[in-house]
Protein chains: 2
Amino acid sequence: MTVTIYDVAREAGVSMATVSRVVNNNPNVKPQTRKKVYEAIERLGYRPNAVARGLASKKTTTVGVVIPDIANAIFAEVARGIEDIANMYHYNIILCNADKRKDKEIRVINTLLEKQVDGLLFMGGAVTDDHVLAFKTSNVPIVLCATTDEKGVIPSVDIDHEAAAFDAVNLLIAEGHRSIAMISGTLQDPANGYARFQGYKRALEQAGIAYREDYVRVGNYRYESGIDATSYFLGLSDRPTAIFAATDEMAIGAVHCIQDSGLSVPDDVSVISVDNSRISSMVRPLLTTVAQPMYDIGAVSMRLLTKLMKKETVENAKVTLPHELIVRRSVAGPKA
Amino acid sequence: MTVTIYDVAREAGVSMATVSRVVNNNPNVKPQTRKKVYEAIERLGYRPNAVARGLASKKTTTVGVVIPDIANAIFAEVARGIEDIANMYHYNIILCNADKRKDKEIRVINTLLEKQVDGLLFMGGAVTDDHVLAFKTSNVPIVLCATTDEKGVIPSVDIDHEAAAFDAVNLLIAEGHRSIAMISGTLQDPANGYARFQGYKRALEQAGIAYREDYVRVGNYRYESGIDATSYFLGLSDRPTAIFAATDEMAIGAVHCIQDSGLSVPDDVSVISVDNSRISSMVRPLLTTVAQPMYDIGAVSMRLLTKLMKKETVENAKVTLPHELIVRRSVAGPKA
DNA sequence: CTGTTAGCGCGTTCAA
DNA sequence: TTGAACGCGCTAACAG
């Protein structure tokens, strides 16, 4: 049924070792022999069995990636960066959604390890001791991708979420705003949630603006929650003149909520966010936002992983990619 | 270094066959023995090697999925459907982007087959003879996902793109429009391109409306190309009163282009599309569109694949999922 | 209910 | 430059 390296050897009149050599591009084969083997391979339609190879060589040229949700545009973009670089280095990707749920994360990490992946890319929520434990029991390299490690012991690549949020809010302040609300992510989420919230607070503090609890709502990163939060803000007696949303999607919800209530962005209320996903250019007005290089985060983390897998020494195993303020049209000064 | 089934057997004082049995939940093990084995596993931190298992059992519990672009919201949603069902049946997913490029598609199909996947989900552009050939050389089941097979010989799940487009354009006609433009995808793309274009033409024809070449532009599915096409239409001396876009993204580009030029949607120009991706609810006005059940397409195709992998007999290996007109606010009758 | 024995398909010494 | 032989870690008969 299936043709093996053994069949090819017989067909070509050589030993299986020789076939193995030509398949793996080992130079120690006479060109003529190599040719014979190639012909036999062709004739028989031989396809190497990567599983057998994996067992014998203890390498699968496969890396595992655990991701919160591939249907989320942000993560999908990161995944694309990962896959492109993986492909470039001839690795394949086993993709697992884990929804930032710890139990699911631990579970898929283990199945991935059982599958003998050569490395692991982890994108998730908080990295707990249990995570670290699971990582430690493996002997393949791990890198955290768009995910922060409190302890800082695991290689990772991400942006500085706190600083990104800080920069966003600072723009608002520079424009003269003092009444700045925030639509936050859940505070249990270290990166997109907590860190961005901290950046917001620090910016306020530095500008001597008092923090108000009723100026902060936590959303779930989705469009609808941006609308909900904003409708709450607009109902306040002293409504904010600017809104900082932790993500583009919530920001767009904010924009539409403001517009739907007959106000204007940015004339009545300014809106800014973090992400710069593609949709931030697919609204009116164009969204001002702090860009997070999603594709690069994926690409760089995969590149880092390849180095680790080759046991190359890496100088800096904790890379922070730069973010960048993208000024478009959703921010203006407050009304006089 | 690595602890094997053998070590566990020794530790538990049983044979490796017994360990294998408990690991695989074979009922033929005395509870007491089972317990001993579990303890030994625990003590040693044994983790089964799925590669060895795969070699011995000729099953990898892994399926390959080739996808055009995981960063594309539509496909990402399909992928989520696939992964959820795969997960439910304890399969893992090897994900490969192929950008609808034939050479890349063929290449990844082959690597996936080398990795001994138990099945293959193919999402791509045209299914050529070369594709079919590659499929035939494998002895694992394949199902086409959101992809049409001209010959109809390969199991597949998709919607009827022609009918979906037809329905969309028909709504426009029912509203009284006679000047209907289309922003098409590339005609080489059988499903999202050609079929939707055919649906447009059929609707026109049935209504006795003459087809005009200058009322059709082909875009690349992206927002920007929606803008470009629309700006062309708006420059026409007798500009259309309605635009049918092959995808949501292009439709939103159309909406914004219309608005940016001082006109109103739907008062001056109506816009309709196919997809109903999440962004169709993230615009003003809300986009009227024909819904394509992306998640379900993924889920159903994965479900079908599991049946095929279990060699269950399936009645209908070519499933067409229903589409549905979602009436929102971007369509109105033409101005009197 | 449990153990023994063969392979699964290939990489990799080690000799020749 | 080539081949023979072993083993990767596990499943799957087959015995008992």
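Order of the sequence lines fixes the chain letters, A, B, ..., with proteins taken first and strands second; residue numbering starts at 1 for each chain. Computed over heavy atoms, backbone and side chain alike; hydrogens, waters and symmetry mates excluded.
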Peer 1: Please report the end-to-end axis angle for the helix from dC1(C)-dG16(D) to dA16(C)-dT1(D), five pairs per end, rounded to 10 degrees.
Peer 2: 30°

Peer 1: Hey, is OH on Y91(B) packed in by over 12 heavy atoms from elsewhere, all under 6.0 Å?
Peer 2: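 Count over threshold, so yes.
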
Peer 1: Round to a whole Å and report the spacing from CG of L55(B) to P of dA6(C).
Peer 2: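 My rounded result for the distance is 18 Å.
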
Peer 1: Regarding V51(A), tell me which of base, sugar-phosphate or nothing describes its non-hydrogen contacts under 4.0 Å with the strands shown.
Peer 2: nothing

Peer 1: On the nucleotide dG11(C), are OP1 or OP2 found under 4.0 Å from the side-chain N or O atoms that S20(A) carries?
Peer 2: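 So the side chain of S20(A) is within the cut-off, an N or O lying under 4.0 Å from OP1 or OP2 of dG11(C).
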
Peer 1: Do other residues, nucleotides or ligands put more than 12 heavy atoms under 6.0 Å from the CD atom of E312(B)?
Peer 2: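 Yes.
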
Peer 1: Tell me what V19(A) touches on the nucleic acid: a base, only sugar-phosphate, or nothing, going by heavy atoms under 4.0 Å.
Peer 2: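 V19(A): no heavy atom of the nucleic acid under 4.0 Å.
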
Peer 1: Kindly give the heavy-atom pair with the smallest separation between K104(A) and A98(A), and that separation in Å.
Peer 2: CB-O, 3.8 Å

Peer 1: Tell me whether Y194(B) at atom OH has more than 12 heavy atoms from other residues, nucleotides or ligands lying less than 6.0 Å away.
Peer 2: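 For Y194(B), atom OH is not crowded (no more than 12 foreign heavy atoms under 6.0 Å).
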
Peer 1: Of R21(B) and S57(A), whose closest DNA chain C nucleotide lies nearer the 5' terminus?
Peer 2: R21(B)

Peer 1: Indicate, yes or no, whether a donor-acceptor pair under 3.5 Å links the base of dG9(D) to the side chain of R47(B).
Peer 2: no

Peer 1: Taking only the side-chain nitrogens and oxygens of S15(A), find out if one of them lies under 4.0 Å from OP1 or OP2 of dA4(D).
Peer 2: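 For dA4(D), OP1/OP2 do not have a side-chain N/O of S15(A) under 4.0 Å.
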
Peer 1: Under 4.0 Å, counting only non-hydrogen atoms across every strand here, what does N49(B) touch: a base, just sugar-phosphate, or nothing?
Peer 2: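 The residue N49(B) makes sugar-phosphate contact but no base contact.
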
Peer 1: Does K311(A) NZ have over 12 foreign heavy atoms under 6.0 Å away?
Peer 2: no

Peer 1: Looking at the side chain of T4(A), which of dG9(D), dC10(C), dT4(C) is the nearest nucleotide?
Peer 2: dC10(C)

